[in-house]
Amino acid sequence: MSQLNRVADERAARAVVRHHSELSAALTNHVTRLVDAVDAGVTEQVWLRRDELVAWLHGELLPHAYAEEAGLYPAAAGLPAGELLVQGMLGEHRAITALVTELTATASPTTAAATARALQAVFATHLAKENDLVVPLLVADESLSLAGLLDGMHELIGAETGSSPGGCGGGGGGCGCGGDAASVEVDAPLLSIDPRLDVRDLPHGERHARVLAAIDALPADAALVLVAPHAPRPLLAEIDSHFVGQVTAEWLQDGPDVWQIRLHRLSVAA
């Protein structure tokens with residue numbers, strides 16, 4: 001591996017660890033506010049804080065987990081020391097998803113607080129393994145490029161200033177690859193007669209929830225075209241998880257400034 005590539009990979013590793021710290025701090029803030037509301041016995045505030053936490057989990061934490069499964073874990077699992085490690089990390093993802101489901105469904109303030117605390121603990125352990133085991137494993141292997149794996153995947157590196165680990169120019173906020181701000185102004189050609197859902201001007205934290213809600217409202221055998229400012233692979237993984245076997249994705253436009261994917265909700269046989 002060249003010195004230039006090693007420097008890029010080390011910079012990418014620092015970006016991942018920094019984003020992990022940001023996620024951890026945000027989760028701690030949400031959980032603390034929920035627990036404080038439960039302790040105060042203000043029911044209205046409890047469900048407000050619970051809903052804020054659930055929205056953040058779907059908008060930030062779960063997309064991050066899906067991005068890991070799409071971008072980092074396959075590469076790590078292919079290494080001699082990585083297969084069992086990745087299996088364990090995937091198991092923790094399943095535990096996190098189950099806790100999110102329980103938190104969303106509960107009608108008990110006490111259960112909401114306990115589930116949120118459990119989620120916080122599992123996620124802290126998970127991030128420690130990411131930082132101390134998975135990321136160093138990928139950086140150390142000369143056949144891989146961590147910077148290449150992360151190229152354009154802002155769900156894994158967060159908002160960057162300057163250049164992203166993958167080398168694209170970033171802005172002062174938004175996507176680390178700088179695509180979110182720029183591509184909003186680019187025309188998206190009409191490629192389908194289906195209704196379009198353009199999420200480019202939405203805050204990043206609202207996009208996944210908006211798309212999932214739109215798909216949920218689709219009748220069987222209907223479709224919509226998602227217009228996005230980057231390749232939405234983590235979102236597609238989340239759609240597959242929520243609508244198992246019910247939605248197909250057809251890539252109509254694959255960059256470089258606008259991405260359009262036709263999402264078709266299949267008829268479910270009785």
Asp216 meets the side chain to side chain donor-acceptor pair (under 3.5 Å) criterion, sequence neighbours left out, with none
Is any side-chain heavy atom of Gln246 closer than 4.5 Å to a side-chain heavy atom of Ile215? no
Which residues satisfy the side chain to side chain contact (heavy atoms under 4.5 Å, CB included) test with Ala222, sequence neighbours excluded? Leu218, Pro219
Donor-acceptor under 3.5 Å (His126 side chain, Val122 main chain): no
By side chain to side chain contact (heavy atoms under 4.5 Å, CB included) - contacts of Ala114 (at least two apart): none
Spacing of Gln260 atom CD and Leu226 atom CG [to the nearest 0.5 Å]: 9.0 Å
When rounded to the nearest 0.5 angstrom, what is the spacing between CG in Leu62 and CG in Leu235? 12.0 Å
Who passes ring-ring contact (aromatic ring centres under 6.0 Å, His included) against His264, sequence neighbours left out? none
Should Phe243 and Leu212 be marked as a side-chain contact (heavy atoms from CB on, under 4.5 Å) after you check the CA-CA gap, both sets of side-chain angles, and the distance that decides it? CA-CA 9 Å; Phe243 304 97; Leu212 292 173; 3.9 Å; yes
Hey, does Phe123 have a side-chain heavy atom less than 4.5 Å from the side chain of Leu23? yes
Mind listing the closest non-hydrogen atom pair of Pro229 and Val199 along with its distance? CD-CG2, 4.5 Å
Any side-chain heavy atom of Thr106 within less than 4.5 Å of one from Thr115? no
Contact between Glu130 and His20 at the side-chain level, heavy atoms closer than 4.5 Å - yes or no? yes
Can you name the nearest heavy-atom pair linking Val134 to Ala76, along with the distance? CG1-CB, 4.4 Å
Supply the atom-to-atom distance His208 NE2 to Leu57 CG, rounded to the nearest 0.5 angstrom. 13.5 Å
Is the side chain of Arg50 donor-acceptor paired with the backbone N or O of Leu103 at a distance under 3.5 Å, no angle test? yes
Is a side-chain N or O of Thr125 found less than 3.5 angstrom from the main chain of Ala121, in a donor-acceptor match? yes
Strictly distance-based, threshold 3.5 Å: is any side-chain N or O of Ser241 a donor or acceptor partner for the main-chain N or O of Ala237? no
Could you report the tightest heavy-atom contact between Gly59 and Pro63, atom names first, then the distance? O-CG, 3.5 Å
Here the pair of heavy atoms bringing Leu146 nearest to Leu72 is CD1-CD2, 3.7 Å
Glu60 and His64: side-chain donor and acceptor closer than 3.5 Å? no
Please answer whether the main-chain N or O of Ala147 pairs with a side-chain N or O of Asp9 as donor and acceptor at a distance below 3.5 Å. yes
Taking Val35 as the starting point, is it possible to reach Leu48 by hopping between hydrophobic residues whose side chains are less than 4.5 Å apart? no
Are the side chains of Leu263 and Leu224 in contact, using a 4.5 Å heavy-atom criterion? yes
Hey, would you say the Tyr73 and His93 ring centroids sit under 6.0 Å apart? yes
Could you give all pairs that pass the salt bridge (Lys or Arg N to Asp or Glu O under 4.0 Å) test and reach residues 23-40, with sequence neighbours left out? Arg33-Glu52
Is there a side-chain contact between Trp259 and Asp254, using heavy atoms and a 4.5 Å cut-off? yes
Taking everything shown except Glu83 itself, do over 12 heavy atoms lie less than 6.0 Å from its CD? no
Is it the case that more than 12 heavy atoms not belonging to Arg210 sit under 6.0 Å from its CZ atom? no
Give a yes or no on whether the backbone of Thr97 and the side-chain of Thr101 come within a donor-acceptor separation of less than 3.5 Å. yes
Please identify each residue that fulfils salt bridge (Lys or Arg N to Asp or Glu O under 4.0 Å) with Glu92, with sequence neighbours left out. Lys129
For Gly245 versus Leu266, what's the shortest heavy-atom pair and its separation? O-CD1, 3.7 Å
Going by heavy atoms in the side chains, are Val46 and Leu34 under 4.5 Å from each other? yes
Asp198/Arg196 ion pair, N-O < 4.0 Å: no
For Ala116 and Val31, the nearest pair of non-hydrogen atoms, with its separation, is O-CG2, 3.8 Å
Given Glu102 and Thr111, is the side-chain contact (heavy atoms from CB on, under 4.5 Å) satisfied, shown in steps? CA-CA 9 Å; Glu102 181 179 353; Thr111 301; 3.8 Å; yes
With a 4.5 Å cut-off on side-chain heavy atoms, are Leu27 and Leu53 touching? yes
Working to the nearest 0.5 Å, report the span between NE2 of His58 and OG1 of Thr104. 4.5 Å
